[in-house]
Amino acid sequence: MSQWDSLQQLDSVYMNKLDELYSHDRFPMDVRHYLSSWIESQNWVGAATDVSLASILFQVLLEKLDNQHSRFVQERDCFVLQRNFRRFKQNFQYRYQEKPHDLAMVMSWLLIKEREILDSAQLAQQVQVLQVHQSPVEMDSQHDIAQQMTKLKNRVQEMEHNVKLLEEQQDEFDFKYQTRMMEGSTSDEEQRQQKNILQVLLNRLNTARKALITAMIEILKLAEELLTVIVNGELVEWHKRQQKSCIGSKEDVDLSYLENWFTMEAECLFQVRKFLKKMEELSGKVTYDNDPFKLKKPTLQRTTDELLVVLLKSAFVVETQPSMPQGKGPLILRTNVQFSVKTRLLVKVPELNHVMKVTVTMDRDAPQVKGYRRFNVLGNSTKALNMIESSSGGMVADFRHLILKEKKNGVGGKGVHEISLSVTEELHTISFQTEFELHGLSVTLQTSSLPVVIISNSSQQQAAWASVLWFNMVSTDPSVRGHMENISFFNNPSPATWSQLADMLSWQFLAATDRGLDPDQLEMIAQKLLGQQLTYSNCPISWTRFSKENMPGSNFSFFIWFDGILVLVKNYLEELWKEGCIMGFVNKDKEKLLLSTKQPGTFLLRFSESARDGGITFSWVEFFQDETPNVRTVQPFTKTDLSQIPFSEIICNFQFLEVLNIPENPLKFLYPNIPRDEAFGKYCKEKKGDENLYRKYRKTKLVFISQENILNGNLDLDSLHDPQSGFPDDDFCDVQIEERFDSLSDKELTCDILKNDLFLVDRDDMDNSLGLAEEDIPPDNHFLNGIEEHLQLL
């Protein structure tokens, strides 16, 4: 694309600058537009100091104006342009006929200013791309890279101009040299003069060649510095961000700015290769002793090709890591289930669109370890890099329908597993390979995914996810992601520090609910894993403690407990968690400490420490007459309970009954002092008619009868009718949920609840809605006497 075409694509801010540049009468914008290709191909800088060249360009310009005028004469609706171009020619003749070098100076100055406008627009665009989710330090670093990249591009453009000048100098020397050879014998004086002239021209040519070599060395030095920063700095950081994003961290994994840099540097280096080819061509026509082109060209060629090879190999990346639909997370694959993965070449090469074929292989360099499973990749395992599947026009190969199938061993059965790793600890790598061939340069490009865990049953997903989390938390060196030593990582897995683990655990909640864990919640988890410590930051935690060994007093590991809570929150408690209503990770001792200083009825919501698949409970504080705090806790609610009634409904409709007390909802203030209706009211607004999905539950209240401070939400009340059963031994007392059944009339069922069962319903609501007669409703004292009789039976 020409410089003028690029300028026309800029936004209004930069177009205004361009209008201002051509607002004077030095050179009309119309002429610049219609003669843009010719103008940009001329050596105006050289013409500014060479009167003969300036005169030639001036005469050619007048001819171009005449030709353009003739075209306008032949076209309709170009009357104004006809007259304008005739006037332009007259003005040029009047202004520059005697001083054509002035025209050359004006034109060269205009081209330089155009380039400055274009560079400033490109730099602003790069900075805008970098401003998404970047820290100030990253912004400064990437802004510097953008500036250096623009500098590299400008130097290459200057060299292109200098190569043209050099070629003209050599043509001049070659012409005069050939002329002298054709003239034959002349006088000695004339030969001496001609020889001196040729020597001067040759010296000038040699100086120009040396200057070009020096400029090229500087360009390659700048390109190498930039490549080091991009490949060893920015690209490595992107790989780390991508790895963290796979385990829940909110990271910016956009590749547009890297793609821009890689493409720009590749274009510059390929342009340098063209210059080197031109140098070889010029040296083939004119050479001499100590010709700098012949001496330096091989080294420059080798350096350029080495830089391009490093750039191209680094530019081939896995943009989207392998994942299967409805999986626990990325990097977990299941045999015979489709998965997807996307690769990208960060160098845009339109000439190679749909040309480069990417091939997928599994565990390409895996060692021959008996017991290590092998897999075939089924589906379309070869695909071309193309610019259609990318919204940004990048070179991508998006594999969407790949399937893994386990290989059988030579005797037809599965290999005997002699390694100690389980299926969910066995890591595999998916590799990709393609061939890059352009302008005589051929490079094999390879890249690999992060290690994946391959399962055969959905029940293995939780353990597989634990392995994915642990590996990507402690193994953060992108340079070894495809190395086969990762296969045996879990033979001796590296420990994690608490700081690493805390971040990873918080990311799990952040990814699932957009709200991570706060320091207090993380401290409770640290105490659960490590016990009481003065500081936790650098405390090591082993893979075994995280995922394999059971926690004290339970028959499941820490990760099973934590993941069960996460699933419960995601499926049933997400809104309450995001609003900060759930304190969640707080142990019983701290719970009592927090509540004992608050007003009566203050309650908090915390996760159960004993429920394998996740449970949530609430506790509230009351005070005895001597002002001693009494903290009560209900038995945890699990997914079985919450799948029937939303937890917010339970909070709003909860009622607690003690002997001789009127039943009421004891939950008054969400910790620290938020009124219950303010915290939960929007979740518990009464619905009418068909909108009320929980109508039966809303019309039937929970009634708790407690002997101790802990209340049971699940125990069967039949034990209350058995004098020998007594109260439960596990400190939990009874709660019952009763529903209306079509087989009983509302009136019969209501009277039965009031007289025979230890439940309490909203009497006003039920009396009014059911139309009970006064004689059907026992007075409160009769009801309480009935409770006392049941207690006496116990």
| query | Is a side-chain donor or acceptor of Ser506 paired with a backbone partner of Ala502 at a separation under 3.5 angstrom? | reply | no
| request: Ignoring hydrogens and angles, tell me if any N or O in the side chain of Glu579 forms a donor-acceptor pair with the backbone of Leu576 under 3.5 Å. | output: no
| said: Counting the benzene-type ring for Trp, do Phe339 and His401 have ring centres under 6.0 Å apart? | reply: no
| request: For Asn457 and Gln460, test the side chains for any donor-to-acceptor distance below 3.5 angstrom and give the result as yes or no. | output: no
| said: Test ring pair (Phe, Tyr, Trp, His ring centres under 6.0 Å) on Phe489 and Phe471; report intermediate values, then the result. | reply: CA-CA 8 Å; Phe489 173 83; Phe471 175 86; 5.0 Å; yes
| task | Report the C-alpha separation of Lys348 and Phe262 in whole Å, then their side-chain angles, then the decisive distance to 0.1 Å, and conclude whether the side-chain contact (heavy atoms from CB on, under 4.5 Å) test is met. | result | CA-CA 8 Å; Lys348 292 183 181 180; Phe262 271 93; over 6 Å; no
| request: Please confirm whether Lys570 makes a cation-pi placement over Trp577, using NZ or CZ under 6.0 Å from the six-membered ring centre and within 45° of the ring normal. | output: no
| task | Give a yes or no on whether the backbone of Pro350 and the side-chain of Asn353 come within a donor-acceptor separation of less than 3.5 Å. | result | no
| task | Can you measure from SG (Cys581) to CG (Leu604) and round to the nearest 0.5 angstrom? | result | 12.0 Å
| task | Answer yes when Glu426 and Arg373 have at least one side-chain N-carboxylate O distance shorter than 4.0 Å, and no when they do not. | result | yes
| query | So, are Glu575 and Arg515 salt-bridged, with charged N and O less than 4.0 Å apart? | reply | no
| query | Judged by atom type as modelled, is there a donor-acceptor pair below 3.5 Å linking the side chain of Gln462 to the main-chain atoms of Lys328? | reply | no
| field | Plane angle bin for Phe585 and Trp561 - parallel if under 30°, tilted between 30 and 60°, otherwise perpendicular | value | perpendicular
| field | Interatomic spacing from OG1 in Thr343 to CG in Leu385 - rounded to 0.5 Å | value | 5.5 Å
| said: Can a donor-acceptor pair be found, under 3.5 Å and without considering hydrogens, that links the side chain of Asn376 to the backbone of Lys405? | reply: no
| note | One should read off an interatomic distance between Leu517 CG and Met504 CE, to the nearest 0.5 angstrom, of 11.0 Å
| Using 4.0 Å as the upper bound for N to carboxylate O, is an ion pair formed by Arg241 and Glu234? | no
| request: Determine, for Asp514 against Lys250, whether the closest basic-nitrogen to carboxylate-oxygen distance falls under 4.0 angstrom. | output: yes
| For Glu435 and Thr444, does a side-chain donor sit closer than 3.5 Å to a side-chain acceptor? | yes
| task | Walk me through it: do Glu591 and Arg606 pass the test salt bridge (Lys or Arg N to Asp or Glu O under 4.0 Å)? | result | CA-CA 9 Å; Glu591 172 191 68; Arg606 67 173 177 85; 2.7 Å; yes
| field | Gap between atom OG of Ser547 and atom CZ of Phe562 - 0.5 Å precision | value | 13.0 Å
| field | Test item: Ser499 side-chain N/O and Ser537 main-chain N/O as donor-acceptor pair under 3.5 Å | value | yes
| task | Would you check if there is a donor-acceptor pair between the side chains of Gln242 and Glu251 at a distance under 3.5 Å? | result | no
| request: Verify, without hydrogens or angle tests, whether Ser314 (side chain) and Val310 (backbone) share a donor-acceptor contact under 3.5 angstrom. | output: yes
| field | Main-chain N/O of Ser256 paired to Trp261 side chain as donor or acceptor, under 3.5 Å | value | no
| task | Indicate whether any N or O donor in one side chain lies under 3.5 Å from an N or O acceptor in the other, for Ser422 and Thr424. | result | yes
| request: Run the numbers on His354 and Asn386 for side-chain hydrogen bond (donor to acceptor under 3.5 Å, both in side chains), then give the verdict. | output: CA-CA 5 Å; His354 290 285; Asn386 64 88; 4.8 Å; no
| request: Kindly check if the number of other-residue, nucleotide or ligand heavy atoms within 6.0 Å of CD (Gln326) is above 12? | output: no
| said: When you measure from the side chain of Thr263 to the backbone of Leu346, do you find a donor-acceptor pair of N or O atoms at a distance under 3.5 Å? | reply: yes
| query | Is the backbone of Met583 close enough, under 3.5 Å, to the side chain of Gln521 for a donor and an acceptor to pair up by distance? | reply | yes
| Got a sec: does the NZ of Lys313 have more than 12 other heavy atoms crowding it under 6.0 Å? | no
| field | Salt-bridge present (Lys342, Glu389; N to O < 4.0 Å) | value | no
